[in-house]
Amino acid sequence: MEYKFSDRVSNLKPSAIREIFKYAADPEVVSLSAGNPSPDAFPAKAIAEISDDVLKNNPISVLQYSVSEGYTPLRQHLRDYMKRENNTGSENDDIIITTGAQQIMDLCSKALLNEGDVVICEAPSFIGSLNTFRSYNAKLVGVTVESDGMNIEELENALKTNPNAKIIYTIPNFQNPSGVTTCLEKRKKIYELAKKYGVLILEDNPYGDLRYSGENIPNIKSLDTDGIVIYAGSFSKVISPGMRVAYCIAPKPVFQKLVVCKQGNDVHTNIWSQYVCDEFITKYDFNSHLAKLRSIYTKKADFCMDLLDKYCKPAITYNRIDGGLFIWCDLPQSINMQDFCKKAIEHKVCVVPGNAFLTDESDPCNSFRINFSTPTDEQLEKGIKILGELANNWN
Ligand SMILES: Cc1ncc(COP(=O)(O)O)c(C=O)c1O
């Protein structure tokens, strides 16, 4: 049989990270490549209690079909929570629960993008979202990420030269993969430019609650008086990625289209997971759970940065992070990044080559991404020591 795939998917390649996971599955390999929450971070006992209780006392409520918009109490609680804690969302917005934030990228693409439309992305950016935009045959235009967010001149130039730009996709807090946080001034400029050029902003914020130092910066959505920002939040990094519960706050006309698109995707998000998330954020002490996560990850992030200072200087440099789960490491020009990542695998350490996160993977890149939330402290020390030895003895 000659399989004739659609134009949309025939050029899609498996994500570089998924490919790397094949090596990472080897128990002898230290994987610094994943982005999974720490095994210590899951509120497993609370999830078991909530599930046990509902399955004993009201099983049909979580086993029956439900509505595409999402579990009503969860939507209401999130609406209140996001307004109260983050001034995010207004009476002109509505909220849809999705199957992970990944689905928000898919639904927005389905609802908003025609073939050839441009999505302006940070370069580097989250590979999962880039691949979703690609799967709708969107054209990706990358804007360099600086230490305080996108280069604004480049962004304006991208908007000027691409009149069919539809979306600016940004991860403003502790960006995956660069770890960068966009400063307030740039958030305001991104908003003004989107307004000026009639483009929507897709603000993806799965790491916002994982801040370890510095002051919180308002979400771009909190500036939205013109109905131009779509906000993506997720429980993946703060409750469980396996439960696949996320939420999207969007201007009502966009929300309505997202609901229709979701009906054709998966009808609704797993109602049992939605129920568990709702009970957990309302009946348990969600804020102290978040504080516990921050305390686990602050220790791990500091430990990881200390190891980088101890073993990797001067060859590997990096920017210190204020939150999130990733650190972006730079190699000197004298070291070829692809060769370095291959050598690291030969020495049983897995990192993600930085070019995997670019809109065009063939663009020059001498960086790689590491994650510190998944490995144990022993694994982190072993892996980072090997990276440092390789880089500092490269010839
Ligand atoms: C920036 C970013 N957006 C979205 C996602 C997808 O998250 P979810 O598990 O909610 O689909 C991730 C996952 O790592 C991410 O890093």
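Order of listing sets the numbers, starting from 1, for every ligand and every atom in it.
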For H77, give me all partners under side-chain contact (heavy atoms from CB on, under 4.5 Å), at least two apart in sequence or on another chain. P73, D278, I281, T282

Under 3.5 Å side-chain donor-acceptor pair for Q76 and D80: yes

Stepwise salt bridge (charged side-chain N to carboxylate O under 4.0 Å, His left out) check, E381 with K385: CA-CA 6 Å; E381 176 137 23; K385 191 168 177 220; over 6 Å; no

Just by modelled atom types, is the D226 backbone N or O under 3.5 Å from a matching donor or acceptor in the K195 side chain? no

Using the salt bridge (charged side-chain N to carboxylate O under 4.0 Å, His left out) rule, take E156 and K196 through it: C-alpha gap first, then chi angles, then the decisive distance, then the call. CA-CA 10 Å; E156 176 142 32; K196 177 171 165 192; 2.9 Å; yes

Y169 and S129: side-chain donor and acceptor closer than 3.5 Å? yes

Anything with a heavy atom under 4.0 Å from ligand 1 counts, so go ahead and list those protein residues by chain and number. G100, A101, Q102, F126, I171, N176, D204, P206, Y207, S234, S236, K237, R244

